[in-house]
Amino acid sequence: MDEAVFVSALLAAGIRLAAPIALAALGETLAQRSGVINVGLEGIMLVGAFVAVLMAVQTQSPWIGLAGAIFCGAAMGALHAYFSVILKVEQIVTGIALLFLGMGLSGYGYRLTIGMSGSPVAVPGFRPLDLFGLSDLPVVGAVLFGQHALVYLTLVAAALMAWMFRATRLGIMIKAAGEYPVAAAAAGIDVDRIRLACVTVGGAFAGAAGAFLSTAHLWGFVENMTAGRGFLAIACVVFARWKPWLAVAVALVFGIADASQIRIQSVLPMVPYQFFVIVPYMLAIVALAFGSGRNGMPAALGTPFTRHS
Amino acid sequence: MSVPSPDDAFIALRGVSKRFASVVANRLVDLSVRRGEIVALAGENGAGKSTIVNMLSGLIEPDEGTILLEGIPARLNSPLASVEAGIGTVHQHYMLVPTLSGLDNIALQLGELGRGRLDRAGLARRVAEVSGALGFDIELDRRIDSLDVAQQQRIEIVKAMMHRVKLLILDEPTAVLGADDKRHLFDTIRRLREHGTSVILITHKLEDIFAVADRAVIMKAGSVVAQADVEALTPAAIVGHMVGASDVQEAEAIVKGFGRAPRTTEVAEALCSARDLTLRRPNGSLAVSGLTLDLHAGEIVALAGVDGNGQSEFMRCLAGMERPSAGVVECLGESTEAGSWSPALLRRRGVSHIPEDRRRFGIVAQMTLMQNYLLGNQERPGLFRWGLLRAGRLSDLVAQRLSEFEVRAPGPTAPMRTLSGGNQQKMVLARELDYAPKVLLAAHPSRGLDIKTIRFVHRSLDRARAEGMAVLVQSSDIDEIMAIADRLIVFSGGRVFGPAPCESVSRNQLGAWIAGQEEMPW
Amino acid sequence: DTKRVALVLPGPITDGTFNSAASKGIEAAKEKYDIEVVVRENTDFAQIQDVLRSYAEEGYDMVIGHGFQFAEPVMAIHAEYPQTFFVVNTAQVAAEPNVASFDNRWGDAGYMAGAVAALYSKSGKIGHVGAIPVPVIEQYNLGFERGAKYFRPEVQVLSAYVGSFSDIARGAEITTSLIEQGADVVTSTGNENVMGTIQAAQKANVSAIGTAFDSAAMAPDTIITTALINMDVNIDLAVGRFIEGTLKPQTYVLGLKENGIGLAPLRGFENKISAEDKAKIDALVTDIAEGRITDLP
Amino acid sequence: MVTAASRKLPAFAAIGFALLLVVGAILLAGADPLALAGSVVQRALLTNAGFLEALLRAIPLTIMGLGIALAFRARIFNIGMDGQLIAGSVAAVALAPWLPGGPVGMLAFLVIGLAGGAFWGGVAGVIKARFGGNEIISTIMLNYVAIQILSWLVRGPMQEKMRIIPRSDPIDASLRLPVLFEGTRIHAGLIVVVIVVALSAAVVARGRFGFKLAVVGQNPDAAHYAGISPSGVAGIVLAISGGLAGLAGAVEISGVYGRLQEGFAPGFGISAIAVALVARLNPLLVPVSALGFSLLYAGLGSVAQKGMVPFPMINIIESAIILVFLAGSTIAIRSGRAKEV
Ligand SMILES: Nc1ncnc2c1ncn2[C@@H]1O[C@H](COP(=O)(O)OP(=O)(O)OP(=O)(O)O)[C@@H](O)[C@H]1O
Ligand SMILES: Nc1ncnc2c1ncn2[C@@H]1O[C@H](COP(=O)(O)OP(=O)(O)OP(=O)(O)O)[C@@H](O)[C@H]1O
Ligand SMILES: [Mg+2]
Ligand SMILES: [Mg+2]
């Protein structure tokens, strides 16, 4: 195959694989920056994936499907926030419950609705865009101008979030809530409200990530279709040291590594395929030796805030 | 006495009590502050001063009693409510987010800056105005956790001054400030008073009270035991109320301090020495360059100067927490050249360290006093058997230290965080002086301690010196240095003055050095 | 009297292939015979023994384990529950008096799929995407390769594994990569991942051959035909013989003749394949059924 | 101001919400919520089989939960127990042919499992201690790597001689942990559990190492000051925690399965985290919490078995029970029956 075509296909596949992880990771970055960890991302993504398909089928509009996924993702996020911020219970356990809840709700909902007939339904999914009519440009066309709308929205969201953390008072308030909530509270900030908002919005991102999987990357829902991507998203957040842009970049590196291993696999059939599947993960482990540690981990991550320090 | 009536007071506490489990922190406290009045709040460690501050700043609520704001009962049930009532607070434990810059920390509490983009340049100008008026030199762009405590303290003060507050509460703001900074701060406070701002100043330094306060309120064991206009008071009178001394002589003795025994040992062996030592900060700037210093057995060397001139880095390096970028440190047979320079190694050899940033390094706030006593002592013989703690032994030891150091705490199993700041410091001191260290590195050892305890600490240091310990004391307090040190060394503006014997350095000379001048300006 | 039958599945009944097929089979059997049916989904490895035991203890007359991983636990416990007949699908175990197994000739199914794919391919490259190489998938894959070469020895067969039964997105991407390399007919085995392959083929406008379960309706313009694995036949046979009392503790291997596998009708592709090719395929199917093909896996 | 007291009402609201959700969903499926609840309770608490099933599963969950508890005390988030369990199992099974029979061999089998898990955890430990690499990432990644390597091993070098099914040959019968109670599957792994619980409890309550873990967890700066190396402690506790996961794997193989295959401890890693956190990282509560979760699984299993509701409903019920438990615990705290952490 022509090398340029190969590279362009590889990058396009990498972006497709990365997009849902990047979206979920962005939302999780926001939540964790405010001091709340949500290990139930996967459950939210599943609900998002299901709702997007359901509503897209019913309204024949993937955009309404996306909106529904975002709304339901936010609702799931709000549930997590309610438990971890208002009730102040163990966040990781709540997250695990959320994971099961998402698996259950999406699977059950699917069986009650579009899955009931047992025969597949045509899903009116997103099609890649053709920005400025340039997506046919050699090499860069598909990669730069021929992605799904959600991919571009992800970049916009990352830019906005980075700007918010860097340049706005709201960003500083969120960082303070995650780092030293006692001081934030002493400055008159309602730490709990900040966290509630961040976790809810984080859930909305995860919902959108699910919608990408089921209405853009694929057109259809199957149970547990996220297949561990929620956990990869958390790894991305940590790897990116809680920086929005880096989270997207790390997800992209993951996606491209995955797309590469997929391509090498069929070229070298004599090597057991498992050795290719582990390539992205090994890459991460090796890269860790160069990354430095807990740098950037919000100090109050995982700890509920109660006054009376 | 001129106790204001609640009607003309800006703020008034009436019969306020606060309990924490078994401890009564405040008992039926009556306290009023007029508009444009500076009230000094004094009292022993644990007397209940910070508890009052916390109630006024909305961190905790009183169990009983009322707080009147301009004569009207007010409910300060959140920090926001307190801020909105016009109260600005400098807490004893700084409320600064360690990973944010000084400027962002200040922005954090300025609600009027809105929710959109933060105008950092504009804010920096406003901050510069306030810090300029205070005469403070502050670094706004560096992260708080890269600043030493004196810099943090200045930022904390500026932060509180950014608002046009009606009541300014300062909880031990001068604990680590140098003389100049302190003078500027007091000037500002006086200016605020002219604008009608009320001030509550908590301090353990009697001279501070006489320098700025209009009135002094003295607390003991949670209650107000005396209050009077400052003109009507003497240092001995204040101390007498504080400690509940029955006779005047005892109080006067405390005020005067003790006579330092002349140095007995002649020049003894050097236990610790630095050769051509250069230290850099994480950002690459020079903290210490080309320093050579010996610490001998049986002497106390004072490390003076305004904090932020490399003292912290030097102390931490001697304690094993940092490595030099050039030069060598040798201590009790260990050397930075050997490659394993670490606190563990030095502690094993007999180095004790009272850290500058107590809450960050010196204690684990959530742990009990017993566990905090183990901190750094965990490898010492006698406390563990087969890797398991001998809890009874440790408990007895801690109980004994609690009474020796007069720590106000329910008992060895109380969590460290429930102790008042001064009592926490006493626990650290007690721990680091235990096990007869050969070298003691003490950063601001009397920080936050009441005057009586300071005397006790000074006597303890003196005794340790007599027993052959080498002591390095980092202090910004000239009185303290002159009271206890044999030799002194000053870091200022990248330069090193000394070491010189204390007898040969006049107070004025010391002041000049601290200001970075070779000669006295007059 | 009504017999009670439990079907124990390793995955969800909505996977569209392996587990769906079994679930449909038992539904059909329920209509046909006088039985009471319960289906247990998503049985993970650690639960298998307890699940089998509790059905046996509750007096179920027949317990069907759907997958080779049920073989060992069944062998471990069957002697304790002589009142219950255990059946294992896609395995070859048997024991007196109450263990039988049904295995379909996945290799033959793959062979047919490979032959069709090779005949239909214009590029001369075809691809197989497996979930994880469990025995039946390996057999199918081997059959696919040999079947492809049967008519066109020069055909190139690409192959890759997803590494997961449920990762539909990666299944789709792997398929896409095979298509990029020139494959114009693809097939896939596993569970949910199969749907990923079919979608990728659909989006890239190439053709696919379904497996296990006739899902032509899902993508009528994409799915040429389906290499059927008739789980319903397994289940129908097992239940029917059990009720008749003729189910023996032995392994039943179901090939074309026994209708355990098959090739689905061409449906939308009826007119896209030449009569000549259709005849070739029909002949091959007969040859396989009659045992005239020598290199079946 | 949010206080424990003012959390009581929200907690009741949360419980109400969770119950409403479940009951509604069950009714929607046309099932009887009461019968369903009865079935869960019946299987989990009122039958021997259910209890024994739970006890059997609680054995590995306890051992792994302890590993999590130790690591989390130092705020080291070991998400990689699944991989460490695989590593331990692989090591033990790989070396099994060279082990003597009898108790010595059995013990050696377990110790090799421990060592294998410790090695896998230690990789994350070294990355953390030497390079400062975050353990959350490394342990997640090492999970995937271990799963794939196992997948290859049981189809390659370690596959059974028959080479049909992806699994190893069984280990020698003399290396199998004996069944403790006739007629059950409860094996001598229970004794291992007792020992490990006792040791961990001692270390946490009184041990020097337990103290270091707590200091590192609560104030790493103070640890450094006090001569405790946070990264060193992190490295060691990752190895220990991995070792416990490996031990759990060896116990499962020696006590239950007798050979290596894929997916024999599904989702145990994440369950162990829930077990440890619900036990508030207290080693003495870990077995209780592990048994509690196992009883929950057993009870829900009966619902799945009876096919009373569509399968995903089980996940919903499971999550609702956990949420109700969490909300309930805040009410208990408020009434002073449990300590706030
Ligand atoms: N959160 C708390 N829990 C339990 N006890 C507390 C708490 N806060 C303060 N105390 C206790 O209340 C008493 C008063 O403490 P407070 O901090 O007000 O003293 P202080 O006068 O400020 O002392 P210092 O000069 O040492 O700062 C002390 O005995 C302290 O141990
Ligand atoms: N009530 C207040 N609260 C907080 N900050 C104040 C208050 N009053 C004044 N300041 C600040 O103190 C600083 C000094 O202001 P001030 O107006 O007193 O200066 P000045 O005109 O030189 O003094 P004076 O009126 O004595 O001549 C300014 O930065 C001002 O913003
Ligand atoms: Mg105080
Ligand atoms: Mg002026």
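Lettering follows sequence order; numbering is per chain, from 1. The structure displayed is predicted, hence computed values, not measured ones.
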So, the part of B:R358 with a heavy atom under 4.5 Å from chain D: the answer is neither
Under 4.5 Å to a heavy atom of chain D? For B:R347 that would be side chain
**Report entry** Heavy-atom neighbours of D:F209 CZ exceed 12 at 6.0 Å
**Finding:** yes
Within residues 268-275 of chain D, contacts to chain B at heavy-atom distances under 4.5 Å involve none
d(B:M321 CE, D:D221 CG) to nearest 0.5 Å is 7.0 Å
The reported gap from CZ in B:R316 to NE2 in D:H224 (rounded to nearest 0.5 angstrom) is 9.0 Å
For B:A344 and D:G227 the tightest heavy-atom approach is CB-O, 3.3 Å
### Query
Got a donor-acceptor contact below 3.5 angstrom from the D:R206 side chain to the B:L388 backbone?
no
Check for a donor-acceptor pair, side chain of D:N219 on one end and backbone N or O of B:F361 on the other, with a separation under 3.5 Å.
-> no
So, the part of B:A319 with a heavy atom under 4.5 Å from chain D: the answer is neither
Okay, B:I363 and chain D: the region with an atom under 4.5 Å from a heavy atom over there is backbone
Bottom line for B:E432: the part with an atom under 4.5 Å from chain D's heavy atoms is side chain
Cut-off 4.5 Å, heavy atoms of chain B, and the answer for D:A214 is both
**Report entry** Backbone N/O of B:H353 and side chain of D:Y225: donor-acceptor pair under 3.5 Å
**Finding:** yes
Under a 4.5 Å heavy-atom criterion, the part of residues 365-375 of chain B in contact with chain D comprises B:Q366, B:M367, B:Q371, B:L374, B:L375
Note to self: With a 3.5 Å distance limit and no angle check, can you tell me whether B:Q378 reaches the backbone of D:A226 through a side-chain donor-acceptor pair?
What the structure shows: yes
Should the heavy atoms of other residues, nucleotides or ligands under 6.0 Å from CZ of B:R323 be counted, would the total exceed 12? yes
